[in-house]
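Keep in mind the model is a prediction, meaning the values are calculated, not measured. In what follows, chains carry the letters A, B, and so on, assigned in the order in which the sequence lines appear, proteins first and then strands, with residues in each chain numbered from 1.
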Amino acid sequence: QKEVEQDPGPLSVPEGAIVSLNCTYSNSAFQYFMWYRQYSRKGPELLMYTYSSGNKEDGRFTAQVDKSSKYISLFIRDSQPSDSATYLCAMSARAAGNKLTFGGGTRVLVKP
Amino acid sequence: GAVVSQHPSWVICKSGTSVKIECRSLDFQATTMFWYRQFPKQSLMLMATSNEGSKATYEQGVEKDKFLINHASLTLSTLTVTSAHPEDSSFYICSVWLAGFYEQYFGPGTRLTVT
């Protein structure tokens, strides 16, 4: 079993819909949680990061962390075709030297 | 966030030759950089942690004599793929970790094709 599980998709939604992404993990030591967006043949771009449990909002993006359930989510409101990309969750534990453990990524397609 | 560059963005080399990839942190001093490899339709796989002024730490299964890492300054880390083979063809990405923060910022990646 992988440390971080993420549905590979593809997830297809119409423009303007809410995109809902999530990851589950098994390592209770993870404290820092990040979401990255990666376009084809490009490096990952940091979208959101949170520490421990709670919610964080930034523009159209909302990240949620539920450490008790070992479950994190990313919501994208008013989705646009330009949001079509692969979304990667990543997490780390301070004791692990800030190494990131990635989910497999979810491919999202927003249709005009 | 930090701005990270990589050079070259794409390189083609012949089997048996060596290739050097540069990773630069343009606006922050980075004591720690990471090198990842990504195969098509797969997630990122950490290869090694590059620490300025000291030897890199390699992940299990990564050949340190094949993937040479040099972090000679606070803004530059290099990855040299020695005696490259077609199976080394991949997308290589570096990231910068900023002390006092928890997130990492990634470079645009380097596509290596070994013929």
Side-chain angles (χ1 to χ4, degrees), chain A residues 2-10 21 23 25 27 29-52 54 56 58 61 63 65 72 74 85-109, chain B residues 1-10 21 23-26 28 30-51 54 56-60 62 89-113:
Chain A
K2 295 180 181 178
E3 268 192 296
V4 180
E5 298 278 0
Q6 187 176 4
D7 190 322
L21 303 164
C23 290
Y25 62 95
N27 187 348
F30 287 141
Q31 300 167 286
Y32 310 106
F33 305 91
M34 282 142 273
W35 286 95
Y36 289 87
R37 176 174 63 193
Q38 186 177 28
Y39 293 111
S40 180
R41 303 191 176 197
K42 301 290 184 183
E45 172 193 7
L46 180 66
L47 291 175
M48 301 282 286
Y49 71 93
T50 53
Y51 169 66
S52 195
K56 186 174 183 179
D58 184 2
F61 300 96
V65 174
I72 69 171
L74 177 71
T86 296
Y87 290 80
L88 299 156
C89 65
M91 42 201 82
S92 67
R94 188 180 301 173
N98 299 292
K99 292 181 186 179
L100 290 181
T101 301
F102 280 89
T106 299
R107 184 165 157 248
V108 172
L109 179 61
Chain B
V3 179
V4 183
S5 70
Q6 283 184 239
H7 178 79
S9 57
W10 191 14
I21 302 169
C23 175
R24 292 183 184 275
S25 177
L26 299 183
F28 282 94
T31 55
T32 302
M33 295 184 179
F34 298 91
W35 285 96
Y36 295 83
R37 181 165 54 181
Q38 185 177 35
F39 292 106
K41 299 190 186 300
Q42 294 187 24
S43 192
L44 283 73
M45 184 188 78
L46 179 64
M47 298 176 66
T49 302
S50 171
N51 295 298
S54 63
T57 304
Y58 292 82
E59 295 300 300
Q60 191 173 9
V62 177
S89 298
S90 187
F91 194 50
Y92 292 86
I93 314 172
C94 68
S95 73
V96 166
W97 175 71
L98 307 180
F101 297 88
Y102 305 110
E103 65 272 28
Q104 291 181 24
Y105 295 92
F106 286 82
T110 296
R111 184 161 303 280
L112 170 63
T113 301

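The 12-atom threshold is exceeded at CZ of A:Phe30, counting heavy atoms of other residues, nucleotides or ligands nearer than 6.0 Å.
Interface check for chain B: of the options A:Ser40, A:Gly43, A:Ser92, the most heavy-atom pairs under 4.5 Å are formed by A:Gly43. Comparing A:Lys42, A:Glu45, A:Gln6, A:Arg41 by how many heavy-atom pairs each has under 4.5 Å with chain B, the most go to A:Arg41. Highest contact tally toward chain A, considering only B:Thr110, B:Val4, B:Leu44, B:Leu46, is held by B:Leu44 [criterion: heavy-atom pairs under 4.5 Å].
For the pair B:Phe34/A:Leu100, no side-chain contact is recorded, criterion being any heavy-atom separation below 4.5 Å from C-beta on.
Here the shortest heavy-atom pairing between B:Phe106 and A:Pro44 reads CB-O, 3.4 Å. Here the closest heavy-atom approach between residue A:Gly103 and residue B:Ser43 is recorded as O-OG, 2.7 Å.
For A:Gln38, the part sitting under 4.5 Å from any heavy atom of chain B is the side chain, from C-beta outward, and nothing else. If you measure heavy-atom distances from A:Arg107 to chain B, you find no contacts under 4.5 Å at all. Heavy-atom distances place no part of B:Gln6 under 4.5 Å from chain A, backbone and side chain included. When heavy atoms are compared at a cutoff of 4.5 Å, A:Tyr51 does not approach chain B at all.
If you take CD on B:Gln38 and CG on A:Leu88, they are separated by 7.0 Å, rounding to the nearest 0.5 Å.
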